[in-house]
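Only this structure's heavy atoms are used, side chains among them; waters, hydrogens and symmetry mates stay out. So you know, we letter chains A, B, ... as the sequences are listed, proteins then strands, and number each from 1.
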Amino acid sequence: MNISKKKSRPKAITPRGFRDNFHSYLKKREEVQRVVNRVYELYGFERLETPAVETVDALGKFLPDINRPNEGVFAWQDENDAWLALRYDLTAPLARAFSQHRNTLQVPYKRYSFGPVWRNEKPGPDRFKEFYQFDADIVGTSSFMADAEMCFIVFDVLKELGFSTGDYCTRISNRKILSGLIQAVKLADTTILGDIELVVFRAIDKLDRLGLEGVKNLLAKGRTDSSGDFTEGANLSADQIDTIISFLQITNDDPNKTLEEMKFLIGDSEIGRQGLSELSNITDTLLSKDISNLSFKIDPSVVRGLAYYTGTVFETELSTPTGSLGSISGGGRYDDLVSRFTGQKVPSTGVSIGIDRLVSFLHECDGNNEKGVVDVLVTVMDENLIHHYIKIATELRENGINTDLYVGNPKDFGKQMKYADLRGAAFAIVVGTNEVEADIVQIKDLKLGSKLADNISSNEEWKEQPAQFPVKREALTKKILELLRR
RNA sequence: GCCGAUGUAGCUCAGUUGGUUAGAGCACUAGAUUGUGGAUCUAGGGGUCGUUGGUUCGAAUCCAACCAUCGGUACCA
């Protein structure tokens with residue numbers, strides 16, 4: 001008989017790739033959300049909310065196989081064995097919702113969405129399995145003005161969040177130009193993505209991380225990384241590699257010069273020329289609008305979602321004095337996504353802002369002067385006076401003052417002060433029998449007291465309580481409101 | 001998936017060449033100082049020493065496998 005056998009306790013940990021977010025972070029996120037909402041609505045976008053769950057079919061994933069049921073997504077079968085999954089972005093649900101409700105929606109349909117998305121992938125230092133996206137899309141127009149609007153939106157959002165043009169830059173390109181390049185080096189005649197093109201595009205996409213040498217290796221035989229792992233390359237010829245590499249090196253602050261140089265390398269590829277003219281239109285539009293927060297350049301190394309984008313692609317990077325935050329936003333034109341459902345071409349374009357990094361950064365920035373939720377702590381001096389305390393707390397709350405009534409063990413009064421301090425309360429209310437008899441309450445200014453404490457050395461000075469003063473009981477609320485307004 | 005590093009209390013870590021009942025600080029709970037700000041004192045809770053197997057009279061310690069975490073890399077709508 002061994003009753004005291006140890007029970008195993010559950011481990012208190014967040015699952016890998018997930019996070020707990022606390023008060024001040026969430027407040028900051030709400031703030032950012034308000035700003036982005038406002039900008040989207042200024043541009044005439046309306047909100048849409050779709051469920052977290054979609055059918056796997058709608059998301060455009062192949063059925064998970066038995067060995068790897070959740071490749072990339074979180075998927076499961078419902079009671080009828082149909083596959084469902086958590087959404088992995090906000091665009092696929094938009095395509096589905098638009099197709100489903102298209103007879104009641106105005107085209108072009110401008111909508112924005114905010115919410116968490118989930119990806120069942122290995123998390124990294126700044127990558128998680130659950131993160132928030134903030135998307136704006138225009139469904140049903142092929143106008144380059146729609147693409148340009150996406151760029152303007154990002155500029156405006158960043159401006160409203162307090163960043164300046166030196167902090168960010170949007171890199172713009174066009175997928176048709178890449179297709180033209182593929183034709184120019186005679187890799188393929190089709191515009192349909194084959195295996196080699198995919199390898200080439202992936203290699204180009206890694207330019208910023210691996211540098212020209214790394215990309216060159218990936219275009220040739222392959223590349224061995226620092227851990228000794230080998231990645232198979234595209235096995236292109238030296239001529240082909242040279243052309244692609246010189247294409248990638250086209251970087252000019254003058255967008256029109258960049259376009260000139262691209263034109264030269266693309267040659268007479270039909271699709272490439274088309275891409276160039278689209279890119280040129282967007283550039284003209286961006287430059288024509290005389291705005292102060294414009295910061296972009298044409299960059300041939302922008303690739304993004306491989307099976308997704310069909311034309312314009314762009315990506316915005318944010319760098320701050322403390323270092324680069326990386327890409328915080330991206331998007332582009334996807335003309336084929338809706339036609340999966342409707343069978344008709346519905347050209348669309350959109351932008352997605354990943355706000356987690358933005359929020360983390362902004363949260364760290366003002367991490368030092370955080371304000372707690374609690375304005376006032378009502379302390380418990382004497383447990384027999386609890387009805388007094390409740391009355392005070394209720395009165396303060398009715399007047400919109402965030403009030404915490406101490407509900408811990410009240411025996412150690414010093415501990416209540418410590419608690420008030422740690423919660424960030426601005427004031428403590430102290431009422432004992434003396435105060436009740438005199439019909440007063442003591443208000444203690446915790447912020448002032450904390451400041452004074454630096455210059456206090458003796459215990460006697462403490463006892464004088466310079467940061468504390470009495471007011472008449474009925475004047476309490478008015479006084480607190482006045483003090484909080486300072 | 002591949003490569004590498006690391007696993008002892010909620011957190012940060014000690015733990016000797018293998019040797020009693022595995023420790024400290026912080027945090028937490030209670031008590032004391034009987035009405036005031038990160039204080040002091042006392043007591044307490046909290047550990048399958050990542051897991052399993054092996055060597056041994058004896059394993060947190062030595063060996064093996066596995067698992068997990070972290071980092072890099074691949075994939076990425």
Side-chain angles (χ1 to χ4, degrees), chain A residues 5-9 11-17 54 58-62 67-68 71-73 85 87-95 117-127 129 133 135 198-199 201-203 205-206 209-210 214 218 222-232 303-309 330-332 334 336-337 340 350 352 377 379-382 385 406 408-423 425 428-435 442-454 456 459 461-468:
Chain A
K5 186 148 195 163
K6 280 170 191 161
K7 286 174 268 183
S8 72
R9 289 190 206 80
K11 278 246 185 286
I13 46 165
T14 49
R16 185 165 145 78
E54 295 279 344
L59 287 177
K61 271 275 163 188
F62 297 114
N67 294 327
R68 302 174 66 186
E71 196 182 349
V73 300
R87 65 183 177 205
Y88 53 79
D89 70 7
L90 296 174
T91 313
L94 167 65
V117 301
W118 296 268
R119 295 185 188 180
N120 195 6
E121 297 166 335
K122 184 189 162 184
D126 237 335
R127 298 186 61 173
K129 291 186 173 180
Q133 287 192 331
D135 284 24
L198 283 175
V199 176
F201 284 4
R202 279 179 197 138
D205 199 28
K206 292 191 177 68
R209 200 153 44 82
L210 303 181
L218 284 173
R223 173 177 175 271
T224 308
D225 67 43
S226 59
S227 70
D229 197 24
F230 179 74
T231 309
E232 179 71 32
V303 180
R304 300 192 53 81
L306 291 172
Y308 209 86
Y309 293 108
Y334 49 96
D336 299 331
L337 215 56
R340 286 182 51 233
S352 178
L377 174 76
T379 58
V380 176
M381 177 68 74
D382 183 339
L385 298 175
Y406 190 74
N409 184 338
K411 279 189 181 157
D412 184 351
F413 194 76
K415 200 169 156 186
Q416 297 192 40
M417 284 301 159
K418 198 153 81 180
Y419 172 83
D421 205 27
L422 292 172
R423 292 296 311 269
I429 305 297
V430 180
V431 178
T433 45
N434 298 345
E435 282 79 9
Q442 303 283 352
I443 298 176
K444 181 157 182 153
D445 185 332
L446 293 163
K447 299 282 147 76
L448 178 63
S450 162
K451 209 176 285 174
L452 294 174
D454 297 339
I456 290 179
N459 206 18
E461 284 176 274
W462 266 124
K463 298 286 184 201
E464 283 171 28
Q465 297 302 331
Q468 184 171 317

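- Listed nucleotides: B:rG37, B:rG38, B:rG35. Nearest to the side chain of A:L422: B:rG38.
- Donor-acceptor pairing under 3.5 Å, judged by distance alone, is absent between the side chain of A:R119 and the base of B:rC75.
- When Watson-Crick and G-U wobble pairs are counted only if both distances are under 3.5 Å, B:rG37 pairs with no nucleotide at all.
- To the nearest whole angstrom, the two C1' atoms, one in B:rG44 and one in B:rU12, are 22 Å apart.
- No engagement by A:Q133 is indicated, since no non-hydrogen atom pair under 4.0 Å with the nucleic acid exists.
- Ranking B:rU48, B:rG37, B:rA77 by closeness to the A:D89 side chain, first place goes to B:rA77.
- Rounded to the nearest Å, the gap between the C1' atom of B:rU56 and that of B:rA14 is 26 Å.
- For B:rG37, its base never sits under 3.5 Å from the side chain of A:K447 at any donor and acceptor pair.
- One donor-acceptor pair, N or O on each side, does fall under 3.5 Å between the base of B:rG37 and the side chain of A:K444.
- In this structure, CG on A:L446 lies 13.0 Å from CZ on A:R423, to the nearest 0.5 angstrom.
- Heavy atoms of A:D445 sit under 4.0 angstrom from at least one base atom.
- Summarising the geometry, the separation between NZ on A:K418 and C1' on B:rA39 is reported as 8 Å, rounded to the nearest angstrom.
- B:rA27 atom P lies 17 Å from atom OH of A:Y419, rounded to whole Å.
- A:I429 contributes atom CD1, which lies 8.5 Å from atom CG of A:L377 (distance to the nearest 0.5 angstrom).
- Pairing for B:rC2 goes to B:rG72, judged as Watson-Crick or G-U wobble with the two contacts each under 3.5 Å.
- Checked by distance alone, A:E121 brings no side-chain donor or acceptor within 3.5 Å of a matching partner on the base of B:rA74.
- In this structure, A:K206 reaches the B:rC75 phosphate: one of its side-chain N or O atoms is under 4.0 Å from OP1 or OP2.
- Ranking B:rG37, B:rU36, B:rU73 by closeness to the A:F413 side chain, first place goes to B:rU36.
- Between the side chain of A:Q468 and the base of B:rU36 there is at least one donor-acceptor pair of N/O atoms closer than 3.5 Å.
- Taking 4.0 angstrom as the limit, A:K122 places none of its side-chain polar atoms (N or O) nearer than this to OP1 or OP2 of B:rU69.
- To the nearest 0.5 Å, atoms CG (A:L94) and CG (A:D135) are separated by 8.5 Å.
- To the nearest angstrom, P of B:rA74 lies 8 Å from CG of A:L218.
- Here A:N409 does not reach the OP1 or OP2 of B:rU29: none of its side-chain N or O atoms lies under 4.0 Å away.
- Nucleotide B:rC26 is matched to B:rG10 when pairs are restricted to Watson-Crick or G-U wobble geometry with both distances under 3.5 angstrom.
- Here B:rC76 is the nucleotide among B:rC76, B:rG35, B:rA77 with the atom lying nearest to any side-chain atom of A:R127.
- The distance between atom CG of A:L377 and atom C1' of B:rU36, rounded to the nearest whole Å, is 12 Å.
- As rounded to the nearest Å, B:rA22 and B:rU29 have P atoms that lie 27 Å from one another.
- With contacts defined as side-chain heavy-atom distances shorter than 4.5 Å, the pair A:V431/A:M381 does not qualify.
- Proximity of A:N120 to the phosphate of B:rC76: no side-chain N or O atom is located under 4.0 Å from OP1 or OP2.
- Using a distance-only test at 3.5 Å, with no hydrogens or angles considered, a donor-acceptor pair links the side chain of A:R119 to the main chain of A:Y88.
- A donor N or O paired with an acceptor N or O is found under 3.5 Å between the base of B:rG35 and the side-chain atoms of A:N434.
- Separation of atoms NZ (A:K129) and OG1 (A:T14) is listed at 11.0 Å; rounding is to 0.5 Å.
- When the C1' atom is compared between B:rC70 and B:rA77, the two are found 27 Å apart, to the nearest whole Å.
- Between A:F413 and A:V430, the closest side-chain pair of non-hydrogen atoms falls below 4.5 Å.
- Picking from B:rG72, B:rU73, B:rU36 the nucleotide with the shortest atom distance to the side chain of A:P125 gives B:rG72.
- Nucleotides B:rC13 and B:rA74 have their C1' atoms positioned 36 Å apart, rounded to a whole Å.
- Distances from the side chain of A:K415 to the nucleotides B:rG37, B:rU36, B:rU29 place B:rU29 closest.
- Side-chain N/O atoms of A:R16 include one lying less than 4.0 angstrom from OP1 or OP2 on B:rC70.
- Close to B:rA74, at under 4.0 Å from its OP1 or OP2, lies a side-chain N or O of A:R209.
- Rounded to an integer number of Å, the gap from A:R423 CZ to B:rG37 C1' is 16 Å.
- Atom name P, nucleotides B:rG38 and B:rC28: the rounded distance is 13 Å, in whole Å.
- Rounded to whole Å, the separation between the C1' atoms of B:rG23 and B:rU61 comes to 15 Å.
- A distance of about 15 Å separates the C1' atoms of B:rC26 and B:rA39, rounded to the whole Å.
- Taking atom CZ of A:R223 as the reference point, atom P of B:rC75 lies 10 Å away to the nearest angstrom.
- When Watson-Crick and G-U wobble pairs are counted only if both distances are under 3.5 Å, B:rU55 pairs with no nucleotide at all.
- Dashed line: the shortest gap from a side-chain N or O of A:R304 to OP1 or OP2 of B:rA77 is not under 4.0 Å.
- Residue contacts shown for A:T91 are absent, as no nucleic acid heavy atom lies under 4.0 Å away.
- Closest-nucleotide positions on RNA chain B for A:Q442 and A:L210 were compared, and the one nearer the 5' end corresponds to A:Q442.
- Note that NZ of A:K415 and OH of A:Y406 are 5.0 Å apart. Values are rounded to the nearest 0.5 Å.
- Across the protein-nucleic acid pair, A:D135 atom CG and B:rA77 atom P stand 14 Å apart, rounded to whole Å.
- Atom P of nucleotide B:rG10 and atom NZ of A:K11 are separated by 7 Å, given to the nearest angstrom.
- Candidate nucleotides B:rU36, B:rA74, B:rC75 were compared by shortest atom distance to the side chain of A:R202, and B:rC75 ranks first.
- When Watson-Crick and G-U wobble pairs are counted only if both distances are under 3.5 Å, B:rG46 pairs with no nucleotide at all.
- On a pure distance criterion of 3.5 Å, no polar donor-acceptor pair joins the side chain of A:Q416 and the base of B:rG35.
- One finds the CZ atom of A:R127 at 10.5 Å from the NZ atom of A:K122 (value rounded to the nearest 0.5 Å).
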